[in-house]
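For reference, the structure discussed in these notes is given below.
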Amino acid sequence: MSFNQTIDHIHKVLTQIFREHPEYADKYKASPPVTWSWVAIETAQLMGTYPTGLTLAIVLSELEAMDRKIRVICPRQVNTLLLKQHSSNTLRRSDRVLCCPPTHECLWKLEPRDGPWIKEVFQDTFATVIQPQSMVLLSSAATKAKRHQLWVKVVHVEQLPADTGYGSNSGSRLASKNLQEKRTRKDIFVVDKSSDTEPALVSLYDQQAYLTRMIERGDYLGIFNPVVAYKHTESQATQADIVFECGPETVLFVMSNSDAVEAGVAKVQPLSDQAIITEELQEDCHDDVITSRESATSSQEQKPPVYDFWQQQKSTIVAPKKRPIMRRDDEGLMDCLAYVPRLMISDLEQNMLNITISGQVVAKANNNPFLSEGRSMDRFAMRIKDESGKMDVTLWEQSCIHAKNISIGQRIILTGLSTSVQHKSLKGKTTWYINGSAVCGTTAYNLSTLECLLVSSDFLHLTPLHTIQGDGQWETEATIVGWKIRTTNTRQPTLYSNECPVNDDYVNEGFDLSEYLVAQKHRECSEILKGDDYCNYCGIKVRECDRVLGFRSRKCLSESETTTAKIGWIEWRLDNGRGILYARGCENTLLGCEAEQFQTIPMKSQTRLLDSVISKQIICSISSVVTTVANIN
Ligand SMILES: [Zn+2]
Ligand SMILES: [Zn+2]
């Protein structure tokens with residue numbers, strides 16, 4: 001896998017630069033090391049942004065500069081005033097005399113010695129919270145709003161995918177009631193002292209949303225006099241019963257987990273619940289299609305990913321078959337954000353966060369919506385394979401777009417995934433799932449469509465065509481020496497080819513190759529539509545504006561394989577002088593013609609266009625998954 005090897009190399013060089021270069025040597029000791037996942041994601045992003053002209057040297061210097069930026073930004077100290085240090089000469093001047101504008105957007109940081117005060121002030125739990133809608137019904141004496149004072153633990157801080165930037169997540173925006181403007185919202189999931197309540201949300205808006213950069217999972221928050229939201233938006237209502245917001249009278253306090261433990265204000269762990277069980281995971285080996293029966297998402301036992309962030313305390317921890325790659329935190333979670341080497345699929349176990357994996361998509365399942373309280377959540381599964389093994393990844397809601405944008409056989413790098421707690425099925429089997437969702441910051445890059453990997457000599461690793469065999473993905477160089485129109489008709493598997501001239505009778509009858517080769521597709525997922533308007537993959541009726549004409553690039557399973565149906569595709573014959581390979585795909589690029597255009601030209605011109613591809617020399621990315629004919633990407 002050439003991309004992974006490139007990343008291995010960049011990772012090694014970058015680590016060396018930071019360890020040995022005198023400019024960074026001191027910082028290196030004090031800061032988190034360079035992780036493989038960070039290098040991979042940033043490089044994939046650079047390659048996507050600059051398809052041409054990118055070299056190894058440019059990637060290295062870009063990453064070096066980026067990494068320096070990360071070291072300078074120190075989110076947890078952004079609003080800390082170092083008044084006592086004003087005359088200290090050991091600190092940099094900028095740290096001592098920095099001026100900030102007056103603002104309500106601040107967090108009060110508590111220390112262990114604040115313990116007694118915390119116990120005295122923050123007495124409320126979720127059970128004593130009075131919802132505004134119930135206040136109306138109370139007597140006039142009680143209509144004066146209750147002042148809530150809560151001490152809560154952060155179980156999840158909403159993340160945004162790296163490439164969307166701050167506050168541009170359209171899913172988290174809502175129209176403000178008075179002004180018809182869009183507001184940015186960030187949610188913090190919190191639990192109270194009791195272990196049996198579901199989490200509440202602390203929703204922060206616009207400028208306030210920046211405060212989430214100073215709050216981490218595991219921290220404690222003191223919420224003094226919050227606004228208990230009256231009208232929840234749909235996204236809030238599906239995630240929690242109680243939603244707190246920060247009004248002008250609200251004060252937010254924050255305390256780290258270790259300080260809370262020292263001060264005696266930490267949540268007590270229900271340790272007795274954590275029984276140890278061992279269970280072998282079932283290995284299934286059907287790579288062709290994930291059927292609904294064997295799919296990881298076939299059951300309703302699987303829960304939305306955010307659900308897992310507070311459920312792990314009640315779950316049982318499976319004794320791992322091998323040594324875990326990292327220590328688990330107090331909550332029993334393994335956060336892979338700072339894991340330095342490349343994470344392999346075989347390293348995964350339950351209750352992990354911030355997972356990045358790089359592999360090939362070997363199977364995809366149709367949308368299998370999760371139904372909960374009358375609401376349906378989209379759920380797409382993909383089977384990903386790397387050098388160590390394969391597993392199903394479930395993408396939820398908005399993150400589904402990453403499943404729609406990739407075809408079987410292509411390579412992908414997925415980041416921001418998490419693994420679930422153990423779920424018990426009705427039959428008593430236990431299993432866990434790999435989940436991705438926009439809330440957790442899941443994002444993905446399709447490596448097979450990165451032009452950069454083909455055009456830049458620094459990243460191109462060519463495999464000679466005649467040595468390609470089996471399943472996998474390669475970059476190769478070849479000449480196109482022939483074409484065939486293949487059909488599903490078993491009596492006539494080859495309709496035409498460059499070697500058999502077109503029968504004039506057919507031409508006179510108005511015979512049209514596009515009847516075989518061109519079909520209506522769903523714009524979002526490129527799946528061929530069934531009955532002209534239904535997408536089997538997404539499980540929806542597709543509106544006219546979302547339909548596009550496209551070349552059939554493979555036999556489509558959603559279409560019936562009758563001998564009468566006109567279903568066909570182009571098969572290219574590739575030759576490098578020492579071997580031959582049959583492949584399909586890339587019709588638009590090779591023909592230099594869109595499917596819509598191809599449909600409008602006469603048969604003679606269609607075959608002339610196909611003939612014009614012969615003797616073209618190409619560098620392409622080829623993938624193969626249990627097929628004898630490879631796909632060109
Ligand atoms: Zn679709
Ligand atoms: Zn549309």
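Atoms within each ligand, like the ligands themselves, are counted from 1 in listed order. Fair warning: this is a prediction, and the values are worked out from it, not measured in the lab.
- With 3.5 Å as the limit, one finds a donor-acceptor pair spanning the side chains of Ser621 and Gln473.
- Asp335 and Asn354 form a side-chain donor-acceptor contact under 3.5 Å, judged by distance and modelled atom types alone.
- Protein N, O or S atom count below 2.8 Å of the Zn ion (ligand 1): the structure gives 4.
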Exercise. Decide yes or no on salt bridge (charged side-chain N to carboxylate O under 4.0 Å, His left out) for Glu527 and Lys364, but give the supporting numbers first.
Key: CA-CA 12 Å; Glu527 198 73 14; Lys364 284 171 83 176; 5.7 Å; no
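- In this pair, Phe189 and His156 present their aromatic rings tilted. The plane angle is within the 30 to 60° band.
- In summary, the side chains of Asn367 and Asp378 do present a donor paired with an acceptor at a separation below 3.5 Å, with no hydrogens or angles considered.
- Here Thr415 pairs with Ile41, Thr356, Thr443 under the side-chain contact (heavy atoms from CB on, under 4.5 Å) rule; sequence neighbours left out.
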